[in-house]
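Shown next, in structure tokens, is the structure this report addresses.
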Amino acid sequence: MANNQAVCLIACGICWLLVALILMLMSIGTVEPVEYGIVYNAVTKSVNPDTVYPGGWYFIGPVMSFITFPSTLTNIDFTEYPDAQSKPLVVKDNDGQEIRLSFSVQYRLQQENVGQLYNQFQKGYEITFISYIDSVTRKIVGDFDSTAFWKERKASGDKIRDAINIKLNEVFAECTNI
């Protein structure tokens, strides 16, 4: 009889150990090296926007997972290519001359503000970025006369990039290249 109790206790102990091991393994979350992550709680359906995790493995809990965002430079294309996020912009300078612009903007999300970005836009932030880039570009190009835009091409591009960067900083990103 004592042997049966010992076997039962050992079997129960092994079962509890397996359950604990499974729960521990379910509590590990990963963020890829090229991403930032914020923790999502599947029970309360909420996120913790205050802590942003860089790439790595983390012990976050069995009902938690990561919502991820790119940590690398990301392109937004205003071109005719099939995978472009937007068509080329057709804008007018201050002389009324139509200019068709095909370009790409590279941006990077600000790690410390990824939680705030999620609170404002969830994962649909890029639509807002496209809208801001479109409006800023139209305004800046509209200030140029037709010859100045082309004669001072580098300065024109820098002015557009700087204006886009100012606008994207308002929504927790920075424009690095255009």
Side-chain angles (χ1 to χ4, degrees), residues 1-87 103-137 161-178:
M1 177 102 170
N3 266 349
N4 286 342
Q5 284 182 332
V7 169
C8 184
L9 284 175
I10 290 172
C12 285
I14 290 173
C15 285
W16 280 112
L17 184 64
L18 285 173
V19 167
L21 181 64
I22 289 169
L23 281 174
M24 190 174 87
L25 290 174
M26 288 175 53
S27 297
I28 296 173
T30 59
V31 177
E32 295 295 324
V34 294
E35 294 177 328
Y36 300 129
I38 55 175
V39 176
Y40 170 75
N41 185 323
V43 173
T44 63
K45 307 283 189 225
S46 64
V47 298
N48 176 4
D50 300 326
T51 306
V52 179
Y53 295 85
W57 290 40
Y58 301 95
F59 189 78
I60 56 174
V63 295
M64 310 289 204
S65 61
F66 280 111
I67 298 174
T68 58
F69 298 82
S71 65
T72 57
L73 291 177
T74 305
N75 282 352
I76 295 179
D77 298 317
F78 291 83
T79 65
E80 291 291 343
Y81 294 118
D83 293 334
Q85 290 86 347
S86 185
K87 297 288 182 198
F103 62 98
S104 294
V105 172
Q106 285 187 322
Y107 71 89
R108 177 178 291 135
L109 299 178
Q110 298 168 353
Q111 178 180 353
E112 64 278 4
N113 294 319
V114 165
Q116 292 177 11
L117 177 74
Y118 180 80
N119 280 342
Q120 279 192 343
F121 305 106
Q122 280 73 40
K123 294 285 279 187
Y125 57 88
E126 208 165 76
I127 294 167
T128 301
F129 290 4
I130 290 168
S131 173
Y132 284 177
I133 293 167
D134 182 300
S135 67
V136 166
T137 303
R161 186 195 65 237
D162 292 344
I164 290 171
N165 189 44
I166 289 168
K167 194 66 173 171
L168 289 184
N169 269 303
E170 295 173 10
V171 286
F172 318 113
E174 60 186 53
C175 174
T176 58
N177 294 307
I178 184 169

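- A cation-pi arrangement is present between Lys123 and Phe69, with the terminal nitrogen or guanidinium carbon under 6.0 Å from the aromatic centre and inside a 45° cone about the axis.
- How far SG of Cys12 is from CG of Leu17: 12.5 Å, rounded to the nearest 0.5 Å.
- Inter-residue side-chain proximity for Asn113 and Val52 is flagged as unmet; no heavy-atom pair is nearer than 4.5 Å.
- Residue Asn165 comes nearest to Cys175 through the heavy atom pair OD1-N, 2.8 Å, listed as atom of the first residue, atom of the second, then distance.
- Within the 4.5 Å cutoff, the side chain of Phe66 has no heavy atoms near those of the Thr30 side chain.
- The structure places CG of Asn48 at 11.0 Å from CD1 of Ile60, a figure rounded to the nearest 0.5 Å.
- A distance-only check finds no donor-acceptor pair linking the side chain of Thr68 to the backbone of Tyr36 [under 3.5 Å].
- The two atoms that bring Ser71 and Pro33 nearest to each other are OG-O, 3.9 Å, heavy atoms only.
- Using a 3.5 Å distance cut-off with no hydrogens or angles, the side chains of Gln110 and Asn169 do pair a donor with an acceptor.
- In this structure, Val63 and Asn41 have side chains that are in contact, with non-hydrogen atoms separated by less than 4.5 Å.
- Nearest approach of Val31 to Tyr53, heavy atoms of both residues: CG1-O, 4.0 Å.
- Side-chain contact between Thr51 and Val39 is absent, with no heavy-atom pair separated by less than 4.5 Å.
- For the atom pair CD1 of Ile76 and CZ of Phe129, the computed distance is 7.0 Å after rounding to the nearest 0.5 Å.
- Within the 4.5 Å cutoff, the side chain of Pro49 has no heavy atoms near those of the Ile38 side chain.
- The minimum heavy-atom distance linking Tyr58 with Pro54 is given by the pair OH-O, 2.8 Å.
- Atom-to-atom distance recorded for Ile178:CD1 and Phe103:CZ is 5.0 Å, nearest 0.5 angstrom.
- Residues Gln85 and Phe78 fail the side-chain proximity criterion, which asks for heavy atoms closer than 4.5 Å.
- A heavy-atom distance below 4.5 Å is found between the side chains of Tyr107 and Glu126.
- Taken from NZ in Lys167 to CG in Asp134, the straight-line distance is 12.5 Å, to the nearest 0.5 Å.
- Of the inter-residue distances, the one linking Gln106 atom CD with Thr74 atom OG1 reads 8.5 Å to the nearest 0.5 angstrom.
- Taking a 6.0 Å sphere around CD1 of Ile127, one finds it holds 12 or fewer heavy atoms contributed by other residues, nucleotides or ligands.
- When all heavy atoms of Thr137 and Ile133 are compared, the pair lying nearest together is OG1-O, 2.7 Å.
- By the 4.5 Å heavy-atom criterion applied to side chains, Val171 and Tyr125 are not counted as neighbours.
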